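Counting starts at 1 for both ligands and their atoms, in listed order. Remember, predicted model here, so these are calculated numbers, not experimental data.
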Amino acid sequence: MLSIQLLLMALTSVLSLASAAGPEGCSTAAARFDIANTTIAYVSYHKAGEVIDLPGTSDTCYGFTTNITANLCRVVLDTATSDSSSVHFEAWLPDDWNGRFVGTGGGGLGGCIDYGSVGNAARLGFAAFGTNSGHNGSSGIDYFLNQPEVIKDFGYRANHVQAQVGKELSKQYYGRPTEYNYYIGCSTAGRQGLSSATLYPDDYDGMLLGAPGVEWIRIVTQWYLIAERYGWPDVNTSAYVTYQQFEAIAAKTIEILDGEDGVVDGMIDNPTHLKLDPQIFSCGAGFLNDSVCLQNGEQVNTVRLAYQPMVDLSGHFVYPSFTLGADPRTFASNTINGTGGFGSTFPQVRDYFRGIVYNDSNWSDLNLSIADVEYASSLDVGLTNTPISKAHLGEFKEAGGKIISYHGRWDPTVPSELTEWYYSGAQANMNASLDDMHDFYRIFFIPGMSHCSTGPGAWDIGQGSPLDPDMLDAEHNAYLALVNWVEQGQAPDLLVGTKYENDDVASRNILAQRSK
Ligand SMILES: *[C@@H]1O[C@H](CO)[C@@H](O)[C@H](O)[C@H]1NC(C)=O
Ligand SMILES: *[C@@H]1O[C@H](CO)[C@@H](O)[C@H](O)[C@H]1NC(C)=O
Ligand SMILES: *[C@@H]1O[C@H](CO)[C@@H](O)[C@H](O)[C@H]1NC(C)=O
Ligand SMILES: *[C@@H]1O[C@H](CO)[C@@H](O)[C@H](O)[C@H]1NC(C)=O
Ligand SMILES: *[C@@H]1O[C@H](CO)[C@@H](O)[C@H](O)[C@H]1NC(C)=O
Ligand SMILES: *[C@@H]1O[C@H](CO)[C@@H](O)[C@H](O)[C@H]1NC(C)=O
Ligand SMILES: *[C@@H]1O[C@H](CO)[C@@H](O)[C@H](O)[C@H]1NC(C)=O
Ligand SMILES: *[C@@H]1O[C@H](CO)[C@@H](O)[C@H](O)[C@H]1NC(C)=O
Ligand SMILES: *[C@@H]1O[C@H](CO)[C@@H](O)[C@H](O)[C@H]1NC(C)=O
Ligand SMILES: *[C@@H]1O[C@H](CO)[C@@H](O)[C@H](O)[C@H]1NC(C)=O
């Protein structure tokens with residue numbers, strides 16, 4: 001009797017599962033969803049390999065089409081977070097579901113759905129969410145002007161709502177709760193992850209966080225402040241150092257320091273542990289030729305300043321220096337060019353200060369100062385900044401959460417030293433030992449990787465899109481390494497990075513592999 005009952009229950013659950021996912025389940029899903037504050041915009045079923053249009057996408061996002069990576073049900077939805085704000089989501093619910101949910105974030109100003117990460121996750125069988133963090137697009141619009149609720153979504157709320165809605169929608173679609181919940185993202189999305197682990201420690205079981213953009217206000221303003229140190233916007237002084245000079249200096253720095261890590265491969269593995277006196281780049285010192293060498297003491301001083309950490313108004317170091325040997329193209333942006341105009345750097349700076357800090361759509365970024373930056377950091381409107389001083393992952397750790405973080409040593413956008421600072425800042429705030437930290441939070445520094453991906457190093461650890469089908473194991477794919485850690489308790493000791501020809505993963509032409 002009992003066994004027949006169990007058999008019937010098992011049969012029923014198989015049947016209900018069979019009807020939940022797939023084309024039929026998808027076609028009736030819209031009517032079945034019932035999620036607080038949420039409107040379903042549309043639901044559609046797609047086959048792996050289809051390329052779909054993304055009408056209405058901001059042209060500051062990643063494109064107007066995306067590739068479907070599995071047979072899946074696509075759900076587009078909006079959740080109201082207040083009377084004057086809402087968060088837009090995209091859910092990809094694969095037929096072949098592995099019982100897990102994953103949320104993602106976005107780069108820069110966070111207003112673009114990261115279809116690459118959503119697609120990768122769905123391909124691996126996860127119910128995958130993407131979000132616009134509460135505003136559409138990543139630059140050029142005064143999103144935040146007079147929009148205090150929208151700022152909160154970007155700062156911390158959208159990701160929390162994503163976890164709530166994502167778990168609930170997955171449950172309603174598949175007919176059973178998610179077993180594990182993950183978060184992946186790089187840059188601003190990395191910041192959103194750490195913020196979430198601090199504020200909402202139960203939202204996710206595991207996080208894969210690339211180059212986390214903590215101290216976000218200092219990140220987006222650093223290039224201005226560095227450029228000001230080398231004279232910008234006045235490029236007509238004897239102290240001014242040109243882009244060609246900075247480029248030659250970075251290349252020569254790598255040449256000189258390359259062997260320090262024991263391998264001569266055109267990359268500095270541990271740049272934050274090294275120092276170099278820019279005096280050696282003076283004319284006549286024998287390292288740089290006459291067309292790019294530093295011509296006077298003022299230029300030497302300029303380079304010294306450009307590679308110094310950011311200091312606040314009281315003289316404290318508040319942000320690491322530009323990384324030795326890192327991609328120097330940053331220095332090309334704040335320069336004079338053929339037209340006589342000045343380049344600028346992060347358009348986010350203008351939008352952020354106009355909308356969030358000064359409530360002035362005419363504010364100009366030309367005279368941005370450290371005082372502006374410190375003022376903005378002290379306001380930390382909508383908790384957008386995620387400062388190291390507030391890093392606290394104790395509850396996340398207690399809840400069993402795990403974080404794998406990776407950071408490129410060639411990253412010109414977020415210096416990899418910031419990740420070192422964050423880690424030790426969190427450790428200090430938690431009064432934890434290094435072993436305690438290592439038990440739930442591990443960092444992999446990737447030599448020769450730029451911001452989030454690309455660069456001369458063996459950088460691919462499955463964080464980009466598309467995925468190489470030959471690399472879907474926990475050694476080559478950081479995401480699967482995270483799953484192993486969270487679900488099997490197997491902590492990752494090493495990851496193998498892959499370098500593809502022309503950084504084209506789809507080619508599957510491997511040039512090199514390297515363990516971290
Ligand atoms: C963002 O775009 C989506 C889709 O086009 C739309 O549904 C949503 O309302 C937009 N959100 C905002 C804040 O404009
Ligand atoms: C729905 O949104 C309102 C704010 O607009 C919020 O107070 C309420 O808690 C939300 N409901 C749920 C279930 O999240
Ligand atoms: C921003 O300025 C406008 C006037 O330009 C004012 O109406 C509004 O209340 C201000 N918003 C905030 C958040 O201070
Ligand atoms: C810099 O000096 C050159 C002449 O030496 C002049 O043509 C140019 O306009 C100056 N640029 C600026 C921005 O002052
Ligand atoms: C000087 O060095 C730079 C950078 O290394 C190089 O691009 C340039 O060709 C060199 N110029 C001469 C005249 O050798
Ligand atoms: C120089 O100006 C052109 C045209 O205004 C612009 O496209 C280019 O990005 C600028 N280059 C730099 C290095 O600022
Ligand atoms: C911004 O500048 C425009 C024109 O320069 C002016 O009409 C407008 O009143 C200014 N807005 C504010 C908020 O100062
Ligand atoms: C920046 O400061 C300079 C000198 O103090 C001043 O002449 C210029 O008008 C300022 N520019 C802006 C856009 O505020
Ligand atoms: C920090 O941890 C150490 C070692 O476990 C302990 O002795 C000390 O009292 C703790 N300090 C605080 C402030 O909790
Ligand atoms: C999407 O698919 C097209 C072919 O259908 C391919 O050319 C393109 O590289 C794919 N993009 C990604 C990101 O996989």
Between ligand 2 and the protein, tabulate every N or O atom pair separated by less than 3.5 Å, reporting distance only.
unit_1   : atom_1 : unit_2 : atom_2 : d
ligand 2 : 2 (O)  : Asn37  : OD1    : 3.4
ligand 2 : 2 (O)  : Asn37  : ND2    : 2.2
ligand 2 : 11 (N) : Asn37  : ND2    : 3.0

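With sequence neighbours excluded, no residue forms a side-chain hydrogen bond (donor to acceptor under 3.5 Å, both in side chains) with Thr69.
Using bins of under 30°, 30° to 60° and over 60° for the plane-to-plane angle, the ring pair Tyr358/Phe353 lands in the tilted bin.
The ring of Tyr441 has its center no closer than 6.0 angstrom to the ring center of Phe396. For an aromatic pair to be called close, the ring centres must be under 6.0 Å apart, and Tyr352 with Trp216 satisfies this. Between Tyr62 and Tyr115, the ring center distance fails the sub-6.0 Å criterion.
In terms of heavy atoms, Asp439 sits closest to Trp485 at O-CZ2, 3.3 Å.
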